[in-house]
Every structure is written in structure tokens, then in C-alpha cells.
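Scope of the values below: all heavy atoms of this structure, side chains included, with no hydrogens, waters or symmetry mates. Just so it is clear, the model here is predicted, and its values are computed rather than measured.
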Amino acid sequence: MEIFLLTTLSPHLLDPPEVPNKPEIDDITAHSMLVSWNEPGDNGSPILGYWVERREINSSHWARVNRDLIADTEVNVEGLIEGLTYIFRVAAENQAGPSKFSIPSDPKTAHAPTLPPGPPVARVMDTTDHSIDVEWDAPLDNGGGEILGYHVDKAMVGTKDWSRSTDRPWKTRAFTVYGVREGAKYLVRVIACNAAGEGTPGFTESVFVRNPAEKPVIEMDLSVKNGVIIRAGETLNLPATVTGKPKPSVTWTKDDGKPDKDRVEILEDGNESIVHIKNVQRKDSGKYLISVCNPSGIKSAWARVDVMDVPGLVTDLKPVVVTRKMIFLNWDDPIDNGGSDITGFLVERRDGKMHTWRQPVETTSSKCECVGIVEGQEYVFRVIAKNKYGMGPPLELGPILAVDPQGPPSYPEKFHYTERTKKSITLAWKPPRNDGGSPIIGYFIEKKRQDQQAFEPCNAEICPNLSMTVEGLEEDWMYEFRIKCTNLIGESEPSIPLTVMIQDDEVSPEIHMLKVFKGDCITVRKGELIEIPADVIGLPIPKVEWFMDDVLMKESSESVLMETVETGRMNCKTCVSIPSANRRDKGSYTVTASNNMGSCQHTVFVMVLGEIPTHDQ
């Protein structure tokens with residue numbers, strides 16, 4: 001005989017429930033959310049209820065939602081703040097105690113219920129004899145929810161027989177409508193959809209179904225598009241194939257200006273338009289832009305041309321040190337490197353009474369120590385710059401007498417002022433061409449007011465720098481300044497006096513457009529980039545403002561960018577740019593500059609071309 005004993009398990013012998021799964025969030029409003037979850041395993045003891053906690057996404061604090069256990073597997077959490085994002089977690093409890101909390105729910109933002117969206121802004125972009133191309137802008141009002149797609153319907157004008165062309169919500173904002181009859185007149189409507197359903201339709205203008213004229217097309221060979229590199233002296237041919245009906249008109253520009261008509265020929269060969277330049281020069285380098293247009297539209301393309309050559313003359317060639325045994329030369333790179341990096345220099349010399357150049361020295365730096373010379377002999381030097389295309393023209397220097405220097409230095413070079421106020425002036429200079437064979441110790445500046453007879457020193461202590469500010473001057477007086485330098489042997493002669501009126505620097509504003517627009521007018525297609533850059537000059541730096549159709553443009557927006565940057569003591573650069581032009585961007589754009597010396601302005605007119613014009617018949 002079997003005996004069964006019934007016993008009551010102690011809570012200490014039971015386990016809490018399993019962890020609930022991740023909660024789901026539904027029925028979101030501005031102040032509440034419905035949190036639901038699945039019942040977890042109870043581990044042998046019935047689940048008594050659930051605890052729910054919430055946390056604002058930017059907080060680290062979890063707040064309990066319910067004071068008492070919730071028996072159901074869902075709860076509507078109220079008291080939320082609109083616009084804040086929340087996450088939720090759930091723990092189950094049985095006789096053994098609560099489980100661990102679940103992983104948090106996906107974050108959700110408290111917001112008002114979604115409504116159907118407003119109408120899209122629809123337009124016809126093109127037609128053929130069997131189709132209509134439509135594009136549209138997203139509705140201004142999305143109903144508070146994400147736009148999930150669009151439906152496109154069509155109907156003949158004069159009927160209400162709308163038929164749907166999309167079999168599912170269309171994700172992109174462009175669609176081609178088929179199933180239309182050639183020669184018939186149609187209306188097209190576009191309907192946006194969100195979680196609340198279909199919204200109010202947006203209608204296009206009526207359009208005839210027919211083949212349009214052909215838009216202009218420009219085709220350039222890939223080798224031209226990627227840029228043309230050509231040696232100076234060769235012949236440049238820059239071809240572009242142009243098609244369109246009617247035949248488009250063609251215009252070429254170089255760096256936004258007209259090509260040099262004396263040197264540049266524009267040839268026509270069938271559908272090809274060719275820029276032809278014989279014996280190209282460095283100055284022919286630049287951006288060549290072809291613009292074509294017919295009644296169906298405008299098209300442009302461009303190619304970069306780089307003309308390569310040997311370098312130009314080196315600059316500022318001078319002897320830095322001259323002794324009876326050595327002459328040390330120094331120079332600067334050529335202004336024009338020929339379009340390629342300078343690879344080195346060739347230094348040659350000859351006897352002052354001879355014609356043969358000898359003892360060539362190659363160097364990669366812009367200096368050379370010439371040794372092995374004869375004391376008392378005169379020498380002539382020449383320096384030639386090199387790049388990968390060859391050697392440029394030589395620059396000669398001399399004759400130079402090879403003797404040890406004796407005496408003071410020559411006076412400092414390029415003595416000028418950089419800034420002046422009502423009581424001071426800042427002077428600057430370059431070291432002397434000849435230091436007299438001894439390092440320059442420093443400089444002394446002297447001044448003389450217009451009504452005085454003699455110069456007086458400005459600095460009691462020697463100035464070791466290449467600039468100095470002279471204080472204590474009197475406003476509206478004319479002063480003369482001169483400078484001397486000294487080495488261990490003595491002082492140089494004073495420089496040629498610099499005459500300056502002591503007053504605050506002031507310059508009236510000037511505006512210089514950095515791009516040339518024919519007739520101050522820019523014509524672009526919708527979606528193209530517009531840039532209107534200008535250089536503004538004045539002292540004090542003028543205040544720069546932009547106006548569109550005489551209305552002040554206070555700050556940049558997503559569609560119109562304004563930037564003004566100071567580039568110097570009396571210069572700044574300003575620019576209005578529109579990354580993707582729209583019809584609403586057309587109008588007059590005026591830049592003004594003003595300071596206490598006056599004001600000036602410049603106006604550029606912008607025309608934005610939209611879709612192909614259609615005419616009812």
C-alpha cells in the first residue's frame with residue numbers, strides 16, 4: 001500500500017519568475033503610452049503581478065509606474081511629458097519574490113496622435129507620346145508622422161474618372177505615369193500617406209501628352225573631362241559634342257570671362273564645338289566652360305586646361321656675403337614655376353672679361369656658396385631654375401669684385417609704414433642688400449616734423465627687429481622718417497626719407513565682384529549651384545550686408561548660405577551661395593558695404609529656369 005504525503009513548500013525553496021521579455025509600446029499620445037509584455041515562466045509558483053518602471057532617455061533614474069502589483073500583462077502609463085523620450089522595463093513577482101527586470105523597451109517619444117498629411121506640391125517635368133514624368137515636394141504638413149510613401153492618380157481633363165497609377169506607396173518623389181493617350185490633356189494628382197492613411201491630394205497643372213523638343217546635351221570625351229595637360233608651344237583642341245532640337249546656341253568662357261579673340265578660335269565641325277589655340281602659353285591655363293541653350297533648356301560643362309612649361313626667372317638674386325675667397329649668393333623661387341614643382345637650380349659663373357660660362361653648380365636650395373675664386377677678380381653669375389620640363393631662362397648678377405668687405409652696411413631696403421593712428425606710426429623695412437661684411441646689429445629711426453629743420457632720433461636703444469612703432473606724434477602734421485642700420489664697423493647712410501601725414505587711416509568702401517556675370521545677370525537651371533562672391537575694401541573694415549529684392553538677409557538658411565570673412569587689415573571677402581537653386585531664389589541680390597567714409601553697393605540679378613514650358617492647344 002502506497003502512502004502519499006502532501007506538504008507545503010517553503011518560499012525559500014521556490015524561485016522567482018523568469019525575466020519578462022522586452023516590453024512593446026503602442027497607442028502613443030502626448031501624455032501616455034500603452035506598455036505590454038508576454039507572461040514569463042513562473043518557475044512553479046503562480047505569478048502574483050508585475051512591476052513597471054520608466055526612465056526618460058537622458059536620465060539615469062528609473063521611476064516606478066505602479067504602487068500595487070499589476071495583474072494584467074499591459075498598463076497604460078500616464079503623466080508623461082510631450083516631446084520627451086521614454087523607455088520601460090518590467091519585473092514579474094510570485095510567492096518567492098520579484099524577478100529581475102526585463103531589458104528596456106525601444107525608446108519612444110510622447111507626441112500627439114498622427115493625422116493624415118497635407119497635399120504635396122506636384123509638377124510635370126516632361127512628357128512623351130505615351131507617358132508623363134511627375135515630380136513633387138513633400139507636404140509642408142506631415143500630420144505629425146513619417147511619410148510612408150505616395151500614390152499617383154491620373155484623369156483626363158473634364159472627367160472625374162481618376163485611376164491609380166501606383167500599385168503600392170511610392171517611396172521616391174518622382175514617378176512616370178503610363179497608360180495615357182497621345183494628344184489628350186490630363187491632370188495628375190499626388191497623395192501622401194502616413195500611419196493615419198492617405199492625405200489631401202496635390203494637383204499638377206494640366207498637360208498634353210506629346211513628344212517635346214529635345215533638351216540640349218553636351219558630351220565630352222573622358223580625357224577632356226578629367227582635365228587636359230599640354231606643353232607650352234603645342235596646339236590645343238578642346239572638343240565638345242552638342243545636340244538638341246532646335247540646334248542650341250553655343251558660348252565658351254574661360255575663367256568666367258570671354259576668351260582672347262586674337263588667339264582663341266571657336267571652330268564648328270558638325271555637332272562638335274572646338275576651342276582651338278595655336279602655340280598655347282601658360283596664360284591659357286584655366287577653366288573652359290561651354291554653355292548651350294535652346295527653347296527646351298540650358299546645359300553647361302567644363303574642362304580644366306593646364307599648360308606646362310619650364311620655370312620663369314628666379315627673383316631677388318643678390319650676393320649675401322662677398323670676401324676675397326668666397327661669394328655667397330641668395331635668391332627666391334620664380335614667380336611662375338611653369339606649372340610643376342621646382343626640382344633645383346643651376347649656378348654658373350664667368351670671369352668679368354670672358355664670355356664662357358664655367359664651373360656649374362647644381363643645388364636644390366635657393367642659395368649657393370661659390371668658392372675657388374681669385375682675390376681681386378670680377379665675376380658674373382647666372383642662376384637657372386629647373387622643373388621636370390627643363391631649364392628656364394637665366395638671371396645674371398654682377399660683376400662682383402672678390403675682396404674682403406670693409407666699411408659700414410648699405411641702408412635698409414623697402415622702408416615703409418604699415419599702420420598709422422592719430423599719435424603713432426608703425427614702420428617696417430627689409431635688411432640692407434650689403435651688410436658690409438659684418439652682421440647687422442640693429443637699426444635707428446629718425447624723425448622730423450614739417451616745421452623742424454633737423455632730424456631727431458626716435459629710439460635711444462638700438463632696434464634689433466624689422467619693424468618699430470613710433471609713439472608721441474602730433475595729429476595732422478607731416479613728418480619725415482628715415483632709417484639707418486649698424487654693424488660692428490659703423491652706421492650706414494640714412495635711407496631716403498619717408499613722408500607721412502599723421503592721421504587715422506581711412507579708406508572709402510569698394511566692392512569688387514570676384515566673378516564676372518554678363519550684364520550682372522546669372523541664369524541657372526533648377527538644382528544648380530549659385531555663387532556670388534565679392535572682395536570688399538575699406539578702412540575701417542566696412543559693414544557688409546546682403547539684400548534679396550531689397551529685403552535684408554539677416555542670416556544663412558539651409559537653402560541660402562552667407563559668409564563674410566576678414567582677410568586683411570582693410571579687406572574682407574563675402575559670398576552668397578545657393579547649393580541647389582529653386583524658382584523662389586530668383587530676384588535681385590545686392591551687397592552693400594559701409595563705414596564712416598561712405599557706402600557702396602552692387603546688384604546681381606538671378607534667374608532660375610524650371611521645368612520645360614508647356615502650352616495648351
Side-chain angles (χ1 to χ4, degrees), residues 6-118 138-139 141-151 168-171 191-200:
L6 297 176
T7 61
T8 301
L9 294 175
S10 168
H12 297 290
L13 301 178
L14 299 175
D15 289 327
E18 295 179 1
V19 178
N21 63 332
K22 183 170 77 172
E24 298 292 333
I25 311 300
D26 295 301
D27 296 343
I28 299 172
T29 72
H31 302 291
S32 67
M33 296 183 190
L34 180 65
V35 183
S36 61
W37 58 93
N38 293 329
E39 181 177 346
D42 60 11
N43 286 332
S45 176
I47 292 177
L48 302 177
Y50 301 90
W51 297 106
V52 180
E53 292 185 346
R54 76 181 187 205
R55 178 167 70 85
E56 200 274 316
I57 195 67
N58 293 320
S59 171
S60 60
H61 174 68
W62 288 94
R64 180 153 292 184
V65 169
N66 52 311
R67 294 184 178 179
D68 301 316
L69 283 170
I70 298 172
D72 203 353
T73 56
E74 67 176 22
V75 63
N76 191 44
V77 180
E78 298 182 343
L80 306 181
I81 299 175
E82 184 175 6
L84 294 186
T85 301
Y86 296 89
I87 56 176
F88 299 86
R89 66 183 185 182
V90 179
E93 184 172 324
N94 62 11
Q95 188 176 359
S99 69
K100 293 182 179 180
F101 275 97
S102 67
I103 62 174
S105 67
D106 293 332
K108 299 291 182 180
T109 302
H111 58 79
T114 301
L115 300 175
D141 178 15
N142 63 4
E146 178 186 1
I147 299 297
L148 303 177
Y150 301 87
H151 281 298
R168 64 184 185 282
W170 198 252
K171 298 297 184 182
I191 304 168
C193 306
N194 64 10
E198 296 184 7
T200 306

Asn194: what forms a side chain to side chain contact (heavy atoms under 4.5 Å, CB included) with it, not counting sequence neighbours? Thr114, Pro117, Ala196
Checking Ser102 side chain against Val19 main chain: does a donor-acceptor pair fall under 3.5 Å? no
Are any non-hydrogen side-chain atoms of Ile87 and Glu56 less than 4.5 angstrom apart? no
Residues in ring-ring contact (aromatic ring centres under 6.0 Å, His included) contact with Tyr150, at least two apart in sequence or another chain: Trp136
Could you note down all residue pairs passing ring pair (Phe, Tyr, Trp, His ring centres under 6.0 Å) where residues 66-109 supplies at least one of them, sequence neighbours left out? none
Determine all donor-acceptor pairs shorter than 3.5 Å in which one atom belongs to a side chain in residues 60-71; sequence neighbours excluded.
{"residue": "Asn66", "atom": "OD1", "partner": "Val52", "partner atom": "N", "Å": "3.0"}
{"residue": "Asn66", "atom": "ND2", "partner": "Tyr50", "partner atom": "O", "Å": "3.0"}
{"residue": "Asn66", "atom": "ND2", "partner": "Asp68", "partner atom": "O", "Å": "2.7"}

Check side chain to side chain donor-acceptor pair (under 3.5 Å) between His111 and all other residues, then give those that pass, not counting sequence neighbours. none
State, with a plain yes or no, whether a side-chain heavy atom of Asp72 is found less than 4.5 Å away from one of Val75. no
Return the set of residues passing side chain to side chain contact (heavy atoms under 4.5 Å, CB included) with Asn43 (not counting sequence neighbours), or none when no residue passes. Asp15, Glu18
Among all residues two or more places apart in sequence or in another chain, which pass the side chain to side chain donor-acceptor pair (under 3.5 Å) test with Ser59? none
Closest non-hydrogen contact found for Ala110 with Leu80 is CB-CB, 4.4 Å
If you look only at distance, which donor and acceptor atoms sit under 3.5 Å apart when one is on a side chain in residues 20-29 and the other is two or more places apart or in another chain?
{"residue": "Asn21", "atom": "OD1", "partner": "Asn38", "partner atom": "N", "Å": "3.1"}
{"residue": "Lys22", "atom": "NZ", "partner": "Asp106", "partner atom": "OD1", "Å": "3.0"}
{"residue": "Thr29", "atom": "OG1", "partner": "His31", "partner atom": "N", "Å": "3.3"}
{"residue": "Thr29", "atom": "OG1", "partner": "Ser32", "partner atom": "N", "Å": "3.0"}
{"residue": "Thr29", "atom": "OG1", "partner": "Ser32", "partner atom": "O", "Å": "3.4"}
{"residue": "Thr29", "atom": "OG1", "partner": "Ser32", "partner atom": "OG", "Å": "2.7"}

Sub-4.5 Å side-chain heavy-atom contact between Ile57 and Pro107: yes
Provide the closest heavy-atom pair for Ala96 versus Pro16 in the form atom of the first, atom of the second, distance. CB-N, 3.7 Å
Sequence-distant partners of Glu198, salt bridge (charged side-chain N to carboxylate O under 4.0 Å, His left out), two or more places apart: Arg164
Taken to the nearest 0.5 Å, the spacing of Ile103 CD1 from Lys100 NZ works out to 14.0 Å
Got a second to check how far Ser105's OG is from Arg55's CZ, nearest 0.5 Å? 10.0 Å
Please find the pair of heavy atoms, one from Pro139 and one from Gly118, that lie closest to each other, and give the distance. CB-O, 3.3 Å
Yes or no on side chain to side chain contact (heavy atoms under 4.5 Å, CB included) for Lys108 and Thr85, after CA distance, side-chain angles and deciding distance? CA-CA 5 Å; Lys108 299 291 182 180; Thr85 301; 5.7 Å; no
Qualifying residues under side chain to side chain donor-acceptor pair (under 3.5 Å), relative to Trp51, sequence neighbours excluded: Glu93
Ignoring hydrogens, what is the shortest heavy-atom contact between Gly97 and Pro17? Give both atom names and the distance. O-CD, 3.4 Å
Return the OG1 to CD1 distance between Thr109 and Ile81, rounded to the nearest 0.5 Å. 13.0 Å
